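Note that the structure is a prediction, hence the values are computed from the model and not measured. Numbers here simply count residues along the sequence, with the first being 1. Values below: all heavy atoms of this structure, side chains included; hydrogens, waters and symmetry mates excluded.
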Amino acid sequence: MAITITMGIQKGGCGKSTTTGVLAYLLSRDGYRVLAVDMDSQGNLTELLSRKPSNEFTEKSVLEAMQERDPEPYIVRVNDRLDLLPANNFLATFPRWIYTGDTYLGKYVRYKGKPTLILDDTLDKIRHRYDFIVIDTPPSLSEQTTNALCASQYVIMMFECSNWCYSAVPNFMESVEGARVHGRHNTRLLGILRTMNDVRRSDAKAFNEMIEEDYPNEVFKTIITRKAPIGRLSLYGFEENNELNQALEQYENFYKEMMERVQSR
C-alpha cells in the first residue's frame with residue numbers, strides 16, 4: 001500500500017511544485033512505483049512532469065477523477081515507474097462542485113460523503129499499485145489542500161526563508177493537526193524543508209535559524225538554496241537535461257534525510 005506524502009504551505013513561491021516533482025523523480029529513479037498528484041490549479045507539477053501545457057489536460061485531470069471517483073482513466077504515464085494525475089485551471093472550480101454539485105461542464109454530479117475525503121476516496125482505488133504517492137498543493141488553505149492533507153500519512157512543510165512564510169507556519173500546523181483528527185491516516189508532519197534560500201540575505205539566514213529554534217526536531221538539515229539549474233528544471237525537465245546533476249545535488253541530501261525518517265516510523 002502506498003505511502004502518501006503531501007508538500008504544502010499556504011504561501012506561494014516556496015518550491016512546492018519543484019520539490020514534489022524532484023521527489024517523484026528520485027523515488028522512481030530508485031525503483032519505487034510512484035504516482036504524482038497535482039492538486040494545484042496552476043498545473044506547474046503537471047507541466048514539469050508531462051512536458052505539456054496543463055490546458056492539454058482539460059476534461060482529463062484529477063478534477064474529473066474525483067468527480068467520478070475513478071482515477072484510472074486520467075492517469076498519465078511519465079515513465080515505467082512514474083505516473084501523474086494532472087491538473088489544470090478548472091481545478092479552481094473544485095469547491096463550487098463540492099457544495100453545489102455543478103461541474104464546470106454544466107453537469108450535475110453530487111458528491112455524497114465528507115468533503116475533505118474526496119481525494120482520499122479516489123486514491124483508495126489505486127493505492128495498491130504504488131509504493132509512494134506524492135501530492136502538490138496550492139498556496140492556500142483551500143479544499144484542495146485539506147483534501148491532500150487528509151489523504152496523506154505524511155506532510156512536508158515547505159519553508160521559504162521570509163517573514164511572510166514564517167507567519168504562515170502556525171496556521172499550516174493547525175491544518176495538519178486537523179487532518180490528523182478528521183482524516184483516516186493519522187496525518188503527521190514528516191519535516192520542514194527550508195527552500196529558496198538566498199545566501200546573500202542576512203534576513204534569510206535569520207529566518208532559517210528561527211524556524212530551527214522553533215522546531216528543532218522537525219527541520220531537515222538540508223537547506224535548498226537558490227540555484228539557476230533548479231530554476232531551469234521547469235524549462236528542461238528531467239530527461240536530456242545537461243544540468244540535472246547540479247539541479248538535484250541539494251535535493252539528493254534532502255531525499256536521503258526524508259527516506260530515513262519514513263523508514264524509521
Side-chain angles (χ1 to χ4, degrees), residues 4-21 24 35-71 73-76 78 83-123 133-152 155-158 160 164-165 168 171-172 174-176 178-179 182-183 234:
T4 306
I5 305 173
T6 283
M7 262 47 72
I9 187 73
Q10 72 277 21
K11 183 187 178 300
C14 296
K16 291 185 292 294
S17 299
T18 299
T19 301
T20 307
L35 174 67
V37 180
D38 196 345
M39 285 295 284
D40 184 356
S41 60
Q42 296 178 97
N44 294 153
L45 176 67
T46 295
E47 296 185 349
L48 175 61
L49 293 180
S50 72
R51 314 307 301 151
K52 296 178 181 178
S54 62
N55 284 342
E56 289 195 15
F57 298 98
T58 300
E59 298 186 48
K60 298 178 287 186
S61 74
V62 66
L63 177 60
E64 288 77 22
M66 291 188 290
Q67 289 171 340
E68 298 172 15
R69 266 83 81 200
D70 182 9
Y74 304 103
I75 293 174
V76 176
V78 177
D83 290 340
L84 169 70
L85 263 179
N88 55 59
N89 61 322
F90 287 111
L91 183 57
T93 68
F94 180 57
R96 185 188 71 180
W97 167 68
I98 292 175
Y99 302 118
T100 69
D102 296 325
T103 74
Y104 72 95
L105 293 171
K107 299 178 182 178
Y108 182 79
V109 182
R110 192 67 180 174
Y111 176 76
K112 296 180 180 178
K114 290 185 176 181
T116 56
L117 299 180
I118 299 172
L119 178 62
D120 194 28
D121 288 340
T122 303
L123 293 179
I133 297 174
V134 293
I135 308 176
D136 186 26
T137 56
S140 62
L141 295 177
S142 61
E143 285 82 356
Q144 292 94 308
T145 299
T146 55
N147 265 265
L149 294 176
C150 286
S152 303
V155 179
I156 295 173
M157 185 173 73
M158 313 301 296
E160 182 253 342
W164 284 344
C165 195
N171 285 342
F172 189 74
E174 289 181 7
S175 297
V176 175
H182 299 292
S234 62

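- When side chains are defined from C-beta on, Asn171 counts as touching Gln10, because their heavy atoms get closer than 4.5 Å.
- Between the side chain of Asn147 and the backbone N or O of Pro115, at least one donor-acceptor pair lies under 3.5 Å.
- The salt bridge (Lys or Arg N to Asp or Glu O under 4.0 Å) contacts involving residues 96-119 comprise nothing, where partners must be two or more places apart or lie in separate chains.
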**Request:** Take Ser61 and Glu64, measure what side chain to side chain donor-acceptor pair (under 3.5 Å) needs, and give me the verdict at the end.
**Result:** CA-CA 6 Å; Ser61 74; Glu64 288 77 22; 2.5 Å; yes
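- For the side-chain contact (heavy atoms from CB on, under 4.5 Å) test, residues two or more places apart in sequence or in another chain that qualify with Pro53 are Glu47, Glu56.
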**Prompt:** Do Met39 and Met66 pass the side chain to side chain contact (heavy atoms under 4.5 Å, CB included) test, and can you show the C-alpha distance, the side-chain angles, and the key distance before you say yes or no?
**Reply:** CA-CA 11 Å; Met39 285 295 284; Met66 291 188 290; 3.9 Å; yes
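- Between Asp120 and Ala151, the shortest heavy-atom distance links the atoms OD1-CA, 3.8 Å.
- With sequence neighbours left out, Asp121 forms a side-chain hydrogen bond (donor to acceptor under 3.5 Å, both in side chains) with Tyr111, Arg184.
- For the side-chain hydrogen bond (donor to acceptor under 3.5 Å, both in side chains) test, residues two or more places apart in sequence or in another chain that qualify with Thr19 are Tyr251.
- Two residues are said to be in side-chain contact when any heavy atoms from C-beta on lie closer than 4.5 Å; Leu119 and Ile135 meet this criterion.
- Among residues two or more places apart in sequence or in another chain, the side-chain hydrogen bond (donor to acceptor under 3.5 Å, both in side chains) test is passed with Glu68 by Tyr74.
- Counting only N and O atoms by type, the side chains of Thr4 and Ser152 include no donor and acceptor under 3.5 Å apart.
- With sequence neighbours excluded, the residues satisfying side-chain contact (heavy atoms from CB on, under 4.5 Å) with Ser175 are Leu141, Leu149.
- For Tyr104, the ring-ring contact (aromatic ring centres under 6.0 Å, His included) partners at least two apart in sequence or on another chain are Phe90.
- Residues passing the side-chain contact (heavy atoms from CB on, under 4.5 Å) test with Ala92, sequence neighbours excluded: Ser41.
- When the side-chain hydrogen bond (donor to acceptor under 3.5 Å, both in side chains) test is applied to Gln144, the partners found at least two apart in sequence or on another chain are Ser142.
- Contact record, Ala24 with Val134: CB-CG2, 3.8 Å, taken as the closest heavy-atom pair.
- When each of Asp83, Thr46, Thr20, Ile133 is checked for a side chain to side chain contact (heavy atoms under 4.5 Å, CB included) with Val37, only Ile133 meets the rule.
- Here Ser234 pairs with nothing under the side-chain contact (heavy atoms from CB on, under 4.5 Å) rule; sequence neighbours left out.
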